[in-house]
Amino acid sequence: MHCFPCFSSPKNKKSSTTNETNDNNEPRPPDRRRTEETEETEQSEGTSLKIFTFRELATATKNFRQECLLGEGGFGRVYKGTLKSTGQVVAVKQLDKHGLHGNKEFQAEVLSLGQLDHPNLVKLIGYCADGDQRLLVYDYISGGSLQDHLHEPKPDCEPMDWTTRMQIAYGAAQGLYYLHDKANPPVIYRDLKASNILLDYDFSPKLSDFGLHKLGPGTGDKMMALSSRVMGTYGYSAPEYTRGGNLTLKSDVYSFGVVLLELITGRRALDTTRPNDEQNLVSWAQPIFRDPKKYPDMADPVLNNKFSERGLNQAVAIASMCVQEEAAARPLISDVMVALSFLSMPTEDGIPTAVPILSFKDKSMSIALSRHDSNLVSPPPELATEDDKSSTSSGEESSLDSENENVSKKKYKKHEEEDSSMESDDGSDSNSEHEKDQDSPPPKPIDEKNQAQSLKIKYRYSWEDIDVGDERLSSKSSQKSDDESTSSRYDSDRDQEEKEKEEEEEEEHTHIEHIDSSKTDDDQSVYFDNDDDSGDDNGASLHRIKSEVEIDSIKE
Ligand SMILES: Nc1ncnc2c1ncn2[C@@H]1O[C@H](COP(=O)(O)OP(=O)(O)OP(=O)(O)O)[C@@H](O)[C@H]1O
């Protein structure tokens, strides 16, 4: 017979008197009265959380026997258990007692955690606040952690393939997006890392351990606990956090970037077995970010080059944006999620679906990805908004500028070839084009109130300029006097657009309200041609670009 010391403590008198043991001092299944109490609590708090007695959880975990121990983390031990009442397999986290909040505070925090519900979060199903015991009960996630699969794989396990890795990254981004953008108030994860991403039987990722800091020790102990946790997660923590504890949603984005790098490279965030300059994953990767030719060298060797180069390049580009030193320059997790939704989509040829450029809230993501995908059109430098400039201010970004320009020009040139009314161009004076671009007066910031309209104007403008060749671009630039404002350029473009709109009404339109990651390939092909530049369906590509502009027109 197992002994449950806390049952006899005065603090537990109430629960001990609710018929929870039989005459043999063995735990009884929850009786009717107990169930009714639980249901009342559930309803009054508006959550589906169950309230467990310590006895129930002790029974579930065979009295917290060593064989049920799954592991021990910064908040306490985690046991695998089976709930006697339902047979459900659960993970029971027994929080360390030192400095824990009082019962009311604990319950308030747990109830708010219980509101969080997303397929990519480990579901909290209940809790126990019995005497000085604080336990959390979660769905049991059977597949182990990403850390296990990536860094400590079982000998008989196949290494995770590229698509699976991108799908894990996408799922984790979805979970984080939920915490950042859907939870009210937003939840900063604080401790995103490979060991906190649990994998279900089908490799679907679930974030665990979110929101637990609120249940942890208060002042005094807090500092110690915090510092040991920071130490524990060193390699994942954003620089602003390790320096001064300044945590924001963008700190999570940094940690996410580290996890993405781990998925790409198969390296640990921190690996003291490696040479000094390779121990910290981000420090090792930073110089490589500046040299896209070396991106393929970053890939995990166990992948055996089984990935598309574009997919790899774009994944590295996303990771590099996430781990930027300056928090403000990091992308929103929503943009990361959208980008990964395309990179994680399995395709027949293994080449990821092209990412629609207008999918992103922040244009910096479009710019970064377009550098690695000639099917994407990025805004020409002369029309870069303030956002673009800030996004290109980091070393990583600026080092890629020339590549980006080449890609953009190539794309524009492609459109030129596609349009029968266009002049031919061998692109030989692309350098002079660039020089002329640099001479152009800087544009005024685009009206941020109407982002869709701004984008539309911008792309149309670039279309006209580039379509007619380098000469037209230079003459247009040179015709402009210094005091001719960018906004007046936009105004005249707007007039022109009105006319064009009428003409275009006769054409077939495709109305797409928003980007949905669940769209089929066919849906996406409305936006962009997914083939290489060498493809033959150039006309279609041209039309699609136009469609994209029209979509914004409809949105307005
Ligand atoms: N819901 C769950 N299902 C299955 N296993 C779990 C679950 N929650 C935690 N575990 C496992 O329990 C062990 C301890 O987890 P815990 O989250 O407490 O610590 P950690 O992630 O190892 O470290 P840290 O506290 O620093 O995040 C880990 O091996 C983890 O994979």
Side-chain angles (χ1 to χ4, degrees), residues 49-50 52 57 60-61 64-83 88-100 110 113-114 116-128 134-154 168 171-172 175-176 179 187-217 222 224-237 241-242 251-252 255-256 258-259 262 268-270:
L49 284 182
K50 295 189 181 104
F52 295 97
L57 299 181
T61 58
F64 303 97
R65 215 183 269 175
Q66 185 70 18
E67 70 186 48
C68 298
L69 185 67
L70 290 169
E72 184 167 6
F75 294 102
R77 293 182 174 182
V78 182
Y79 296 86
K80 182 178 177 180
T82 306
L83 297 176
Q88 184 179 0
V89 182
V90 293
V92 180
K93 182 168 289 210
Q94 188 171 32
L95 299 177
D96 285 339
K97 292 178 193 166
H98 299 294
L100 281 174
V110 169
L113 280 183
L116 303 172
D117 190 8
H118 186 273
N120 294 109
L121 299 182
V122 177
K123 179 84 187 123
L124 179 67
I125 57 180
Y127 67 96
C128 165
R134 302 279 185 274
L135 299 104
L136 299 171
V137 183
Y138 293 96
D139 270 343
Y140 175 74
I141 311 299
S142 60
S145 72
L146 177 60
Q147 168 93 3
D148 303 334
H149 284 270
L150 210 49
H151 305 309
E152 294 140 35
K154 291 185 185 133
I168 290 171
L176 200 54
L179 293 176
V187 175
I188 301 177
Y189 193 135
R190 289 171 181 246
D191 204 15
L192 180 57
K193 53 184 175 178
S195 66
N196 277 345
I197 299 177
L198 303 184
L199 301 177
D200 227 337
Y201 62 94
D202 61 353
F203 282 91
S204 133
K206 314 250 181 200
L207 307 183
S208 77
D209 262 6
F210 47 88
L212 290 193
H213 64 281
K214 288 189 175 177
L215 308 174
K222 186 176 180 179
M224 233 172 73
L226 188 67
S227 60
S228 69
R229 289 192 63 75
V230 168
M231 289 293 283
T233 56
Y234 189 71
Y236 290 95
S237 304
Y241 182 31
T242 38
S251 319
D252 282 348
S255 307
F256 181 86
V258 179
V259 172
E262 287 184 278
R268 290 170 190 268
L270 193 69

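In each ligand, atom 1 is the first atom listed, and ligand 1 is the first ligand listed. For reference, positions follow the sequence shown, starting with 1.
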Could you tell me whether the side chain of [Y] reaches within less than 4.5 Å of the side chain of [X], counting heavy atoms only?
X      : Y      : value
Leu135 : Phe52  : no
Leu69  : Val78  : no
Ile188 : Tyr241 : no

Residues in side chain to side chain contact (heavy atoms under 4.5 Å, CB included) contact with Ala269, at least two apart in sequence or another chain: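 Counting only residues at least two positions away or on another chain, Ala269 forms a side chain to side chain contact (heavy atoms under 4.5 Å, CB included) with Tyr236, Val258, Glu262.
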Side chain to side chain contact (heavy atoms under 4.5 Å, CB included) partners for Arg268, two or more places apart: Gln147, His151, Glu152, Asp271
Over all atoms of both residues, closest heavy-atom pair of Cys128 and Leu57: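 Looks like CB-CD1, 3.6 Å.
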Gly76 to Asp96 - nearest heavy-atom pair and separation: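 So the minimum-distance heavy-atom pair works out to CA-OD1, 3.5 Å.
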Who gets closest to [atom] by heavy atom: [options]?
atom                    : options                      : value
atom 11 (C) of ligand 1 : Leu95, Leu70, Asp148         : Leu70
atom 1 (N) of ligand 1  : Val92, Ile125, Asp139        : Asp139
atom 18 (O) of ligand 1 : Lys123, Arg190, Gln94, Lys93 : Lys93

How does [X] reach ligand 1, if at all, at less than 4.0 Å between non-hydrogen atoms: by side chain, backbone, both, or neither?
X      : answer
Arg77  : neither
Ser195 : both
Lys80  : neither

Quick one: which ligand 1 atoms are inside 4.0 Å of a heavy atom on [X]?
X      : answer
Ala91  : 1 (N), 2 (C), 3 (N), 7 (C)
Gly74  : 24 (P), 25 (O), 26 (O)
Leu198 : 1 (N), 2 (C), 3 (N), 6 (C), 7 (C), 8 (N), 31 (O)
Asp191 : 27 (O)

Counting only nitrogen or oxygen atoms and a 3.5 angstrom limit, does [X] reach ligand 1?
X      : value
Asn196 : yes
Tyr138 : no
Tyr140 : no
Val122 : no
Ser208 : no
Asp209 : yes

Atom pair CG/OH of Leu113 and Tyr127 - distance to nearest 0.5 Å: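 Those atoms lie 11.5 Å apart.
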Stepwise side-chain hydrogen bond (donor to acceptor under 3.5 Å, both in side chains) test for Ser255 and Asp252: CA-CA 5 Å; Ser255 307; Asp252 282 348; 5.2 Å; no
Phe75 and Leu136: CA distance, side-chain angles, deciding distance, side-chain contact (heavy atoms from CB on, under 4.5 Å) verdict: CA-CA 11 Å; Phe75 294 102; Leu136 299 171; over 6 Å; no
